[in-house]
Amino acid sequence: MPHASQLTREFYVRDTRLVARQLLGMRLVRRENDLRLSGIIVETEAYRGEEDQACHARVGRTARTQVMYGPPGHAYIYFTYGMHWMLNFVTEGEGYPAAVLIRAIYPEEGLDLIQARRNGQPRPRWTDGPAKLCQALNIDGRLHGLDLCAPHSEIFVEEGVPISDASVTNAPRVGLYTVPEPWKSIHWNFQLKVKGTLFEEQKVSS
DNA sequence: AGCACGATTAACT
DNA sequence: GTTAATCGTGCTC
């Protein structure tokens, strides 16, 4: 069986909230040497514009946020809490700062390596958080700015499983404490919830 | 130069 | 529910 097709830049150029929703059910792929690690994306969040007080670009264009102002379909990877890396995909048109945070995946390929990197954690906790999936897939600042649409890219997204609107839930974005309203409570978190599936089992355990 | 805080996680009471 | 770990970033002095 050939692998599904890699998403092109046209996918990422659209409204960040739509891209975040459409990423659910897609497959995140990490290429390491000749290995493929992958998982189905089950949780995302949208961050868009300098007016969004939860978005890093609220402070404008800096060395850190520069990539978010660049062309869509690139990786925005940042370091936080003194120890954790976060993976985002740049969205919308060049010059408008926006990105989708990948918060959780359901792991499918490379399980042995993922388990080893997750240091004895139970399977439902391997990739059920934004920093956890970066640890599991060996994603850090070295990959910041990477083009997700380039041939043989070390990170990319491909077609996964079809998702119905009924299986998607919206919620406020996670981890915002000092962010003013309406940004703190706006429902820009997207989760895949399919009763009776392993996707649900993972999120219930998180 | 110093400071407060962060799009988190794991371990603990 | 609470808290330590640990350091880059942006802001103030």
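Below, read A as the first sequence line, B as the second, and so on, with proteins coming before strands; counting in each chain starts at 1. Keep in mind it's a predicted model, so treat the numbers as computed, not measured.
- B/dC5 atom P lies 16 Å from atom CG of A/L176, rounded to whole Å.
- At a threshold of 4.0 angstrom between heavy atoms, the contacts of A/M83 include nucleobase atoms, whether or not backbone atoms are also involved.
- Using a 4.0 Å heavy-atom distance criterion, A/F79 is classed as a sugar-phosphate-only contact.
- A residue-by-residue look at A/V179 and A/Q135 shows that A/V179 has its nearest nucleotide of DNA chain B further toward the 5' end.
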The test is salt bridge (Lys or Arg N to Asp or Glu O under 4.0 Å); show your working for A/E92 and A/R48 and say whether it passes. CA-CA 9 Å; A/E92 309 208 28; A/R48 63 189 302 270; 2.9 Å; yes
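- Between A/F79 and A/W85, the ring planes lie tilted relative to each other; the angle falls in the 30° to 60° range.
- Here A/N138 contributes atom CG and A/E154 contributes atom CD; the two are 9.5 Å apart, rounded to the nearest 0.5 Å.
- The separation between A/I77 atom CD1 and B/dA7 atom P is 16 Å, rounded to whole Å.
- Contacts of A/R173 with the nucleic acid, taken as non-hydrogen atoms under 4.0 Å apart, are absent.
- The CZ atom of A/R103 sits 7 Å away from the P atom of B/dT9 (whole-angstrom rounding).
- Listed pair A/R125 / B/dT9 fails the phosphate criterion, with no side-chain N or O lying under 4.0 Å from OP1 or OP2.
- How far CD1 of A/I105 is from OG1 of A/T127: 4.5 Å, rounded to the nearest 0.5 Å.
- Among the protein residues, A/A131 comes within range of the sugar-phosphate backbone only, with heavy atoms under 4.0 Å from sugar or phosphate atoms but none that close to a base.
- Contact check, A/R118 against B/dT9: no side-chain N or O comes under 4.0 Å of OP1 or OP2.
- Counting to the nearest Å, the P atom of B/dT8 and the CG atom of A/D128 are 13 Å from each other.
- In this structure, A/L133 CG and A/I41 CD1 are separated by 9.0 Å, a value rounded to the nearest 0.5 Å.
- At the heavy-atom level, A/L101 lies under 4.0 Å from base atoms of the strands shown.
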Which dot-bracket notation, 5' to 3', represents the base pairing of DNA chain C when pairs are defined as Watson-Crick or G-U with both distances under 3.5 Å, crossing pairs as [ ], and inter-strand pairs as |? |||||.||||||.
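- For A/Y76 and B/dA7, the OH to P distance is 9 Å, given to the nearest whole Å.
- In this structure, A/R64 forms a cation-pi arrangement with A/Y78, its terminal cationic atom sitting closer than 6.0 Å to the ring centre and no more than 45° off the ring axis.
- Between A/T178 and B/dC5, a side-chain N or O to OP1/OP2 separation shorter than 4.0 Å is absent.
- Put simply, the side chain of A/E94 never gets that close to the backbone of A/Y69: no donor and acceptor are under 3.5 Å apart.
- One can place CD of A/Q53 at 16 Å from P of B/dC5, the figure rounded to the nearest angstrom.
- In this structure, A/Y47 atom OH and B/dG6 atom P are separated by 12 Å, rounded to whole Å.
- Looking at A/R36 and A/E158, a side-chain N of the basic residue comes within less than 4.0 Å of a carboxylate O on the acidic one, giving a salt bridge.
- Heavy atoms of A/R58 sit nowhere under 4.0 angstrom from any nucleic acid atom.
- Heavy atoms of A/Y177 sit nowhere under 4.0 angstrom from any nucleic acid atom.
- Scanning DNA chain C 5' to 3' for nucleotides with an atom closer than 4.0 angstrom to a non-hydrogen atom of chain A gives a first and last hit of C/dA5 to C/dC11.
- Classification of A/R117 and A/E32 as a salt-bridged pair holds, one side-chain N sitting under 4.0 Å from a carboxylate O.
- Note on A/D52 versus A/R173: salt bridge recorded, some NZ/NE/NH1/NH2 to OD/OE distance being below 4.0 Å.
- Whole-Å rounding puts the A/K132 NZ to B/dA7 P distance at 18 Å.
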